[in-house]
Each structure stands twice: as structure tokens, then as C-alpha cells.
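Comments concern the structure below.
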Amino acid sequence: MSDRLSVFKTYKLYVGGKFPRSESGRVYEVTDSKGNWLANAPLSSRKDARDAVVAARKAFGGWSGATAYNRGQVLYRVAEMLEGRREQFVREVADAEGLSKSKAAAVVDATIDRWVWYAGWTDKIAQVIGGANPVAGPYFNLSSPEPTGVVAVLAPQESSFLGLVSVVAPVIATGNTAVVIASEKAPLPALSLGEVLATSDVPGGVVNVLSGRTAEIAAPLAAHQDVNAIDLAGADEGLAKELEIAAADNLKRVLRPQAVDYFETPGTERMTAFLETKTVWHPTGALGASGSSY
């Protein structure tokens, strides 16, 4: 019996809940830590970036309008789906980051736990950073967080899976939608994550995953007038400065690159970075010794 031919996986972008090839038709070779060929990944263009923003904006209304509890259920479902494909991601992370199988398994387990961690925060963050404010007058003064909108996310370059999820999950947990640029040299775990999102309960367009040259894709996103914020986690110092200047044109929120140990339990900083605070004043009437005037 003759040996079977290998069936190689075709990696595609994940935009608007669908799996397009790059608009340009370009691909680039992805290799492991030893230089061995792994796959051809789509080389995204500016047009792909613009399409992803359109998809993210279209999804924003429904996602931000969902209850926080429901968003938590959806994020937990992503963790469930990742658990079912654990061995695939262990293999991809090991190849992408040059890790042993045991170390790659630890990364994947931490990544699944990270989804669960943020799933638990969706209906609690409002109580932590919102609330009633004491004011000198007959008013209720209430502050509550609201999502910023469409967030461009430059995923970390070295941590292709745990780092990726650590910057994407807080963005969508708080009701934003995301356009994600995967690690340039190790995009395969991110592209496979798109397959998980498509088969979970995450609505199409909430997370859009692009692969290719980080600087090439990030430039149009930083200047895009319908992108409300940008996370520069995967940018080097020079690129970060250029993107921050471009982002200033429409006053985007910018989260600058910082040294992060993604294995550490995160705080709330990445969630609050992409939240706005809405404050509502409501009259209580004249309060005195005899009580309200209502």
C-alpha cells in the first residue's frame, strides 16, 4: 500500500465571521524556531484592514448591547472549545515558539484559564469602577462604564497564544469589538483561534484576525477614523511612536507597549483602558428633616 500524501492545512484570515484569503492574494512563509517550513499564512493588505474595521463596527451594536452576563457565557464557551482542541494548540504553540511539548501545554492551559478569568469579570467590572458619587446637592450622581468601540490590537510578537488572548479577551469582555494583528513571525495559533471563535458563540465581527507585516497593517488602522482605540502591545519603540502620532488624529485611546509577564494573573488595567465613563445626574428633590419633597 502506498504512503498517503500529507494534507496541508490552508490558513485563512478571520473577518466578519468568515474566512477570506487576503484581498491581495499574497502569502508568506511561516517557519518554526529552526527555520523549517510550517505553512503559508495570508499576507494581509490595507484593504483587509479596512474590511475588518467595517465588520467590527457592524458587530459593535449587538455585542455592546448584550448583557454583561451573556458576554461572560460567550467567553466561557470559547474556553470550552479551546479545551476540546487542546492538542492542536499545544502542537502549534510548540512549533511557533520553539517550546517543548510540556512547556507548550502549560502555555495552552494558561491561555484557556485566561479566557475563563475574563469571562468571570464581564459582569463585575462595572461594580468595581462604577458606582454612586457623593455630591453637594439634591441629586443622584451615578457613573457607569461603557465600551469605547472598535479597538485595533497589535498582538505580542513573542507570546503568540497566551499573549494574544491576554490582550484580546479584555477588549471584548467589556463590550468592544476588535481588529487583531497576529504575531508576524508566529501567526498560526492566532489564525486557528479564529476557527475556534467561529464555532463558539462569539458573533461574527466581534473579533477579526489578520496576519502579515505588523507595520503594514497597523498603519492604516492607526489612521482609520472609525477605529476608536489601539493597543500597541506588539509594536517596537519606533513603530509605536509612529502609530501613536497617527492615532492622535481622531483622539484614539492608546495603550502603549509595556513589559508584561503573561503568566502572571492580570489586573483590570487592560479592561479599563478601553472603557469610557458615563455619568448621569438625577434630581432627588429637596431633602430636609421632614424627608423628600416628592
Side-chain angles (χ1 to χ4, degrees), residues 11 14 30-33 38-39 41 72 74-122 151-174 176 178-200 202 206-211 214 231-236 255-271 273-274:
Y11 287 89
Y14 181 58
V30 178
T31 59
D32 63 16
S33 58
L38 293 174
V74 171
L75 264 65
Y76 187 81
R77 177 62 176 165
V78 175
E80 289 181 353
M81 299 298 289
L82 281 176
E83 190 76 48
R85 297 177 65 166
R86 181 177 178 276
E87 291 306 312
Q88 173 197 343
F89 281 98
V90 168
R91 183 176 65 254
E92 288 186 340
V93 170
D95 289 340
E97 301 181 20
L99 302 176
S100 66
K101 185 175 180 180
S102 60
K103 289 183 178 179
V107 169
V108 173
D109 289 344
T111 305
I112 296 170
D113 293 346
R114 189 61 41 84
W115 277 112
V116 175
W117 196 86
Y118 279 111
W121 266 105
T122 57
V151 181
V153 180
L154 280 62
Q157 298 297 333
E158 302 303 322
S159 185
S160 64
F161 195 44
L162 177 57
L164 167 78
V165 168
S166 296
V167 297
V168 173
V171 169
I172 67 171
T174 48
N176 299 289
V179 177
V180 184
I181 305 175
S183 165
E184 183 173 330
K185 70 174 185 177
L188 303 188
L191 297 175
S192 290
L193 178 63
E195 298 173 4
V196 170
L197 297 174
T199 53
S200 66
V202 180
V206 171
V207 179
N208 305 276
V209 183
L210 305 175
S211 61
T214 299
D231 184 343
L232 300 175
D236 59 31
L255 186 59
R256 296 174 178 85
Q258 50 199 291
V260 179
D261 181 357
Y262 290 108
F263 276 99
E264 292 292 326
T265 301
T268 60
E269 291 80 9
R270 286 195 176 274
M271 288 184 284
F274 304 116

Exercise. Mind checking whether Tyr76 and Val116 have side chains closer than 4.5 Å, heavy atoms only?
Worked result: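 Sidechains of Val116 and Tyr76: in contact.
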
Exercise. How about Asp231 and Phe274: do any of their side-chain heavy atoms sit closer than 4.5 Å?
Worked result: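 Yes, at least one pair of side-chain atoms sits under 4.5 Å.
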
Which atom pair, heavy atoms only, marks the closest approach of [X] to [Y]?
| X | Y | answer |
| --- | --- | --- |
| Ala173 | Thr122 | O-CG2, 3.5 Å |
| Ala110 | Phe263 | CB-CE2, 3.9 Å |
| Ala190 | Ala182 | CB-CB, 3.5 Å |

Exercise. Salt bridge (charged side-chain N to carboxylate O under 4.0 Å, His left out) with Asp109: which residues, sequence neighbours excluded?
Worked result: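 Result, salt bridge (charged side-chain N to carboxylate O under 4.0 Å, His left out) vs Asp109: Arg86.
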
Problem set entry | Backbone of Val171 reached by a side-chain donor or acceptor of Asn176 within 3.5 Å |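 Such a contact is found between Asn176 side chain and Val171 backbone.
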
For this session: Using modelled atom types only, decide if a donor and an acceptor are shared between the side chain of Asn208 and the backbone of Val180 within a distance under 3.5 Å.
Result: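 A pair under 3.5 Å: no.
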
Checking [X] now: which residues fulfil side chain to side chain contact (heavy atoms under 4.5 Å, CB included) with it, not counting sequence neighbours?
| X | answer |
| --- | --- |
| Val74 | Trp63, Asn70, Asp201, Val202 |
| Arg85 | Lys9, Gln88, Phe89, Glu195, Val196 |
| Ala273 | Leu255 |
| Thr268 | Trp121, Ile125, Met271, Thr272 |

Separation of [Y] [atom2] from [X] [atom1] (nearest 0.5 Å):
| X | Y | atom1 | atom2 | result |
| --- | --- | --- | --- | --- |
| Ile172 | Tyr118 | CD1 | OH | 11.0 Å |
| Asp95 | Thr31 | CG | OG1 | 10.5 Å |
| Thr111 | Trp117 | OG1 | CH2 | 14.5 Å |
| Tyr11 | Glu92 | OH | CD | 3.5 Å |

Who passes side chain to side chain donor-acceptor pair (under 3.5 Å) against [X], sequence neighbours left out?
| X | value |
| --- | --- |
| Ser200 | none |
| Thr265 | none |
| Glu80 | Arg77 |
| Ser183 | none |

For this session: If a pair satisfies salt bridge (Lys or Arg N to Asp or Glu O under 4.0 Å) and one of its residues is in residues 256-267, list it, with sequence neighbours excluded.
Result: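 Matches after skipping sequence neighbours: Glu244-Arg256.
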
For this session: Test Val30 against Leu188 for side-chain contact (heavy atoms from CB on, under 4.5 Å), laying out the working first.
Result: CA-CA 8 Å; Val30 178; Leu188 303 188; 4.1 Å; yes

Per-pair distances, 0.1 Å, donor-acceptor, side chain in residues 154-168, under 3.5 Å, sequence neighbours excluded:
unit_1, atom_1, unit_2, atom_2, d
Gln157, OE1, Glu184, N, 2.9
Gln157, NE2, Thr214, OG1, 3.1
Gln157, NE2, Gly234, O, 3.0
Glu158, OE1, Lys185, NZ, 3.0
Ser159, OG, Gly163, N, 2.7
Ser160, OG, Glu97, OE2, 2.7
Ser166, OG, Arg114, NH1, 2.7
Ser166, OG, Leu162, O, 2.7

